[in-house]
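Data first, discussion second: the structure below is written as structure tokens.
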Amino acid sequence: MLRLRYLDLVIYKGIADLNTEASRAYIGFVWWVLEPLLYMGAFYIAFGLGLRGGGIGMLLFLLCGLVPWKWFSSAVSNGSHTIQSNIGLIQQIYLPKYILPGIVLVTTGVKFLIILALLLVLAVGLGHGPALPWLAIPVLVLAELVFALATASLAGAVVPLVPDLGLIIDNGLIVMMFLSGIFFSVKTLTPTARILIEINPMVTIIGGFRDVLIDHHWPDWGGLGYTFLVSAGIYAVAYAIMRHFDRVYPKVMIG
């Protein structure tokens with residue numbers, strides 16, 4: 001019963017944060033769509049047109065990578081500061097710290113679903129669907145959800161204890177972006193290179209969206225299973241750290 005109340009709190013706080021964020025901008029909720037579109041447009045000009053001379057096909061290829069990546073990077077970046085950003089709430093009532101990254105996943109997840117819906121409309125407009133493999137999209141979303149939650153939780157667990165890790169995480173996300181197969185097809189790599197790069201679960205998730213939306217193939221189920229296993233391991237470590245330092249975080253933040 002108590003866990004259900006925490007879940008209600010996560011959802012309520014996430015929605016409240018979305019409303020607050022929207023109220024800060026004159027264009028409100030429109031910015032949730034406009035900001036990622038500007039972000040993706042800049043990358044398309046730089047990598048789709050500038051470096052590879054791509055057309056409409058390259059546009060969909062890049063968007064299938066950039067849309068899920070934007071959700072993951074935002075969740076991890078914001079999740080690394082989730083305890084600091086909720087210090088006011090923590091000081092008022094006791095909350096187990098492991099629920100705080102869930103608030104970030106609610107806020108970033110809502111924005112992702114809006115952009116994903118636009119991506120699906122674009123895919124249909126370009127003649128790439130819908131098809132039977134589209135039924136795998138919820139599984140891909142769930143796989144990214146659990147991986148983003150696990151990674152954001154680990155980042156959120158360690159950054160308050162060692163603040164300098166925040167800079168490492170932000171720069172690490174930049175490196176990870178270029179190694180996640182957003183701007184190239186992993187299928188073109190040598191078998192050895194592919195094994196190494198697919199250690200990163202985002203490679204499988206991004207590849208899965210391309211398989212489903214562009215090629216009308218089912219995603220790599222084995223790779224998705226690996227994603228769930230890795231996510232479970234990462235979250236177990238994050239949960240243990242947050243439980244161990246549960247009463248320490250407020251003192252560190254105040255100190």
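Not measured: the values here are computed from a predicted model.
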Problem - Ring geometry between Phe147 and Phe72 (parallel below 30°, tilted from 30 to 60°, perpendicular above 60°) - result: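 The arrangement is parallel - the two ring planes meet at less than 30°.
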[atom1]-[atom2] distance between [X] and [Y], expressed to the nearest 0.5 angstrom:
X	Y	atom1	atom2	value
Ser80	Ile168	OG	CD1	12.0 Å
Ile137	Phe209	CD1	CZ	7.0 Å
Ser180	Ile197	OG	CD1	7.5 Å
His81	Ile87	NE2	CD1	14.5 Å
Leu122	Leu63	CG	CG	6.0 Å
Lys97	Asn86	NZ	CG	10.5 Å

Look only at the side chain of [X] and the backbone of [Y], and say whether a donor-acceptor pair between them is shorter than 3.5 Å.
X	Y	answer
Tyr239	Ala150	no
Thr151	Ala148	no
Ser85	Thr82	yes

Heavy-atom side-chain proximity of [X] to [Y] below 4.5 angstrom:
X	Y	value
Val76	Val104	no
Leu213	Leu60	no
His128	Trp134	no
Leu149	Pro101	yes
Met242	Tyr249	yes
Pro163	Gln84	no
His217	Arg210	no
Thr204	Trp221	no

Handout entry: ring-ring contact (aromatic ring centres under 6.0 Å, His included), paired with Phe183, selected from Trp69, Phe61, Phe178
Key =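 Answer after filtering Trp69, Phe61, Phe178: Phe178.
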Practice task
For the pair Glu198 and Val186, evaluate side chain to side chain contact (heavy atoms under 4.5 Å, CB included) and give the outcome as yes or no after the intermediate values.
Solution key: CA-CA 9 Å; Glu198 286 182 343; Val186 176; 3.9 Å; yes
What closest approach, in Å, do [X] and [Y] show between heavy atoms, and which atom pair accounts for it?
X	Y	value
Pro96	Asp246	CA-OD1, 3.7 Å
Pro219	Asp211	CA-OD2, 4.1 Å
Thr227	Ser231	O-OG, 2.7 Å
Phe112	Pro68	CE1-CA, 3.9 Å
Leu173	Ser73	CD1-O, 3.8 Å
Ile206	Gly65	CG2-CA, 3.6 Å

Handout entry: Face-on cation placement of Arg243 at Tyr98 ring, 6.0 Å and 45° thresholds
Key =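 Judged by the rule (NZ or CZ under 6.0 Å from the ring centre, within 45° of its axis), Arg243 is not positioned above Tyr98.
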Shared ILVMFWY cluster between [X] and [Y], side chains joined below 4.5 angstrom?
X	Y	answer
Val162	Val237	yes
Leu66	Ile174	yes
Met202	Leu179	no
Val139	Trp218	yes
Val248	Tyr94	yes

Handout entry: Among Val141, Val121, Leu140, side chain to side chain contact (heavy atoms under 4.5 Å, CB included) partner for Leu116
Key =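 One option only clears the test, and that one is Val141.
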Exercise for the section: Test side chain to side chain contact (heavy atoms under 4.5 Å, CB included) on Ile241 and Leu154 and set out the steps. Expected result: CA-CA 8 Å; Ile241 295 173; Leu154 182 58; 4.1 Å; yes
